[in-house]
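One structure is given below, encoded as structure tokens.
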Amino acid sequence: MGKTTIIAIAGASASGKSLFASTVYQELVAELGGNGIAILAEDAYYRDQSHLTFEQRQLTNYDHPSAFEHELLVQHLEQLRDGQAVAMPQYSYKSHTRTTETIKVQPGRVIMVEGILLLHDPHLRKLFDISVFMDTPLDVCLLRRMTRDVEERGRTIQSVAEQYEETVRPAFFEFILPSKQFADLVVTRGGQNEIAIDLIKSKIRQLLAE
Ligand SMILES: Nc1ncnc2c1ncn2[C@@H]1O[C@H](COP(=O)(O)OP(=O)(O)O)[C@@H](O)[C@H]1O
Ligand SMILES: Nc1ccn([C@@H]2O[C@H](COP(=O)(O)O)[C@@H](O)[C@H]2O)c(=O)n1
């Protein structure tokens, strides 16, 4: 196998990172088959908190870099780059901790990883060959997060609003927005920007053909 290319997709919560990454992945898998492309989520690397009570887990700041086990993500990306499969943790937003399951991720010519603080961490940045930043207005992100977190993550509108004010918005300005300078490609209109999706797909097709 040739050199592995690692593509990072960063940006605010609910900016469309996961929709963007999964659209690129699914469309290429439908076209070329699953071999050669792998996809990881930074959220899977939230620290395990199974030793804490649910009430204690609710106090964690999930928008601060310390909430993530980036050391493990770095290790897994390095292993994938070196041709070894990894066991990606699985995370539950409802219980605020990892589940007991893991998913086996096979190495590929192209690895995509998406998450809010990927470009903030210099150790991770060193591993990325291509960095994308989803530049979606924060009010649009909040509205999308409100719907998604109530429908999919077991939250109430009030809890989403409180968390947004307390940690999500401050962390956006402290950590996420300043990391935009490290992106190669800045994408507007979230996970449905077809031109940006096509650009990344073309790049991946080209890498897979080399
Ligand atoms: N361009 C878009 N138009 C409409 N809805 C979108 C768009 N991009 C993302 N969404 C929706 O917004 C929500 C958050 O998107 P998601 O990809 O989960 O964001 P992130 O991974 O950045 O947190 C999801 O329900 C997704 O389907
Ligand atoms: N237990 C948790 C863990 C994370 N969050 C929030 O998730 C956001 C990051 O994920 P996205 O898919 O939205 O990028 C982050 O802003 C955390 O606040 C949470 O609410 N609970």
Side-chain angles (χ1 to χ4, degrees), residues 7-27 39-70 73 89-99 112-121 124 131-177 179-180 183 186-198 200:
I7 304 176
I9 297 149
S13 169
S15 58
K17 304 177 296 293
S18 119
L19 183 63
F20 185 86
S22 62
T23 304
V24 168
Y25 179 77
Q26 281 163 15
E27 291 185 5
I39 185 163
L40 278 84
E42 184 192 33
D43 287 6
Y45 294 83
Y46 270 116
R47 291 187 189 281
D48 183 51
Q49 299 196 115
S50 50
H51 57 293
L52 300 179
T53 63
F54 182 75
E55 287 69 30
Q56 287 170 323
R57 291 177 211 161
Q58 282 183 306
L59 300 175
T60 301
N61 178 349
Y62 294 102
D63 293 276
H64 193 273
S66 60
F68 290 95
E69 194 180 353
H70 273 175
L73 178 55
Q90 290 301 286
Y91 188 76
S92 163
Y93 299 98
K94 290 188 181 164
S95 58
H96 303 292
T97 192
R98 290 188 193 160
T99 69
M112 282 195 288
V113 53
E114 59 88 9
I116 53 173
L117 290 174
L118 295 175
L119 298 185
H120 168 72
D121 185 329
L124 283 168
S131 296
V132 180
F133 188 92
M134 306 303 291
D135 200 10
T136 307
L138 216 45
D139 57 338
V140 176
C141 294
L142 173 60
L143 286 174
R144 288 184 186 153
R145 178 168 167 139
M146 197 70 95
T147 311
R148 182 197 63 191
D149 283 10
V150 170
E151 284 175 3
E152 295 171 24
R153 296 189 179 178
R155 308 297 164 89
T156 60
I157 288 183
Q158 192 190 342
S159 79
V160 176
E162 282 170 8
Q163 190 185 9
Y164 179 78
E165 266 195 73
E166 280 165 22
T167 66
V168 179
R169 190 173 190 282
F172 175 76
F173 288 106
E174 186 173 358
F175 305 117
I176 301 173
L177 187 56
S179 76
K180 181 171 141 182
V186 174
V187 174
T188 56
R189 298 194 305 284
Q192 289 176 341
N193 183 326
E194 285 177 19
I195 302 285
I197 289 169
D198 277 351
I200 294 294

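Side chains included, hydrogens not; waters and symmetry mates left out as well; all remaining heavy atoms used. Whatever order the structure lists them in is the order used to number ligands and atoms, beginning at 1.
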Minimum-distance protein heavy atom relative to atom 5 (N) of ligand 2: Y62 CB, 3.8 Å
For atom 15 (C) of ligand 2, closest protein heavy-atom neighbour: D63 OD1, 3.2 Å
Mode of D43 contact toward ligand 2 - side chain, backbone, both, neither (heavy atoms, under 4.0 Å): side chain
Step-by-step side chain to side chain contact (heavy atoms under 4.5 Å, CB included) determination, L52 to T97: CA-CA 9 Å; L52 300 179; T97 192; over 6 Å; no
Reported OG-to-CD distance for the pair S92 and Q49, which is rounded to 0.5 angstrom: 11.5 Å
Atoms in ligand 2 flagged as close to K17, the criterion being non-hydrogen separation under 4.0 Å: 14 (O)
What are the distances between nitrogen or oxygen atoms of ligand 1 and protein nitrogen or oxygen atoms, counting only those under 3.5 Å?
from     : atom 1 : to   : atom 2 : distance (Å)
ligand 1 : 1 (N)  : R189 : O      : 3.1
ligand 1 : 3 (N)  : R144 : NH2    : 3.3
ligand 1 : 3 (N)  : Q192 : OE1    : 3.0
ligand 1 : 8 (N)  : G191 : N      : 3.2
ligand 1 : 17 (O) : S18  : N      : 3.4
ligand 1 : 17 (O) : L19  : N      : 2.8
ligand 1 : 18 (O) : R148 : NH1    : 3.3
ligand 1 : 19 (O) : G16  : N      : 3.2
ligand 1 : 21 (O) : S18  : N      : 2.8
ligand 1 : 22 (O) : A14  : N      : 3.4
ligand 1 : 22 (O) : S15  : N      : 3.1
ligand 1 : 22 (O) : G16  : N      : 3.0
ligand 1 : 22 (O) : K17  : N      : 2.9
ligand 1 : 22 (O) : K17  : NZ     : 2.7
ligand 1 : 23 (O) : A14  : N      : 2.7
ligand 1 : 23 (O) : R148 : NH1    : 2.8

L124, I7, L119 screened by side chain to side chain contact (heavy atoms under 4.5 Å, CB included) with S131, the one that passes: L119
Contact check, side chains of Q163 and R155, non-hydrogen atoms, under 4.5 Å: yes
Ring pair (Phe, Tyr, Trp, His ring centres under 6.0 Å), paired with Y62, selected from Y46, Y164, F68: Y46
Test item: R189 side-chain N/O and E194 main-chain N/O as donor-acceptor pair under 3.5 Å: no
Worked check of side chain to side chain contact (heavy atoms under 4.5 Å, CB included) between Q192 and F20: CA-CA 7 Å; Q192 289 176 341; F20 185 86; over 6 Å; no
Ligand 2-proximal atoms of R148, by part, heavy-atom distance under 4.0 Å: side chain
Subset of ligand 2 atoms that lie under 4.0 Å from at least one heavy atom of Y91: 1 (N), 2 (C), 3 (C)
For E166, all residues meeting salt bridge (charged side-chain N to carboxylate O under 4.0 Å, His left out), sequence neighbours excluded: none
Residues, nucleotides or ligands: over 12 heavy atoms within 6.0 Å of L143 CG: yes
Pair H70 and Y45, ring centroids less than 6.0 Å apart: no
Spatial distance of atom CD1 (I200) from atom CD1 (I195) [nearest 0.5 Å]: 13.0 Å
Non-hydrogen atom of R155 closer than 4.0 Å to ligand 2: yes
Heavy-atom gap E42 to ligand 2 smaller than 4.0 Å: no
Proximity of A14 to ligand 2 by residue part, where a heavy atom lies under 4.0 Å: backbone
Polar side chain donor-acceptor pair, D149 to Y93, under 3.5 angstrom: no
Donor-acceptor side-chain pairing of E174 and H64 below 3.5 angstrom: no
Close-contact set for ligand 2 against S13 heavy atoms, below 4.0 Å: 8 (C), 11 (P), 13 (O), 14 (O), 16 (O)
Ligand 2 contact by R57, heavy-atom criterion under 4.0 angstrom: no
Nearest neighbour in protein (non-hydrogen) for atom 12 (O) of ligand 2: R153 NH2, 2.9 Å
Shortest protein heavy-atom distance from atom 6 (C) of ligand 2, along with the residue and atom involved: R145 NH2, 3.6 Å
Which of the ligand 2 atoms, numbered from 1, are nearer than 4.0 Å to a heavy atom of H96: 1 (N), 2 (C), 21 (N)
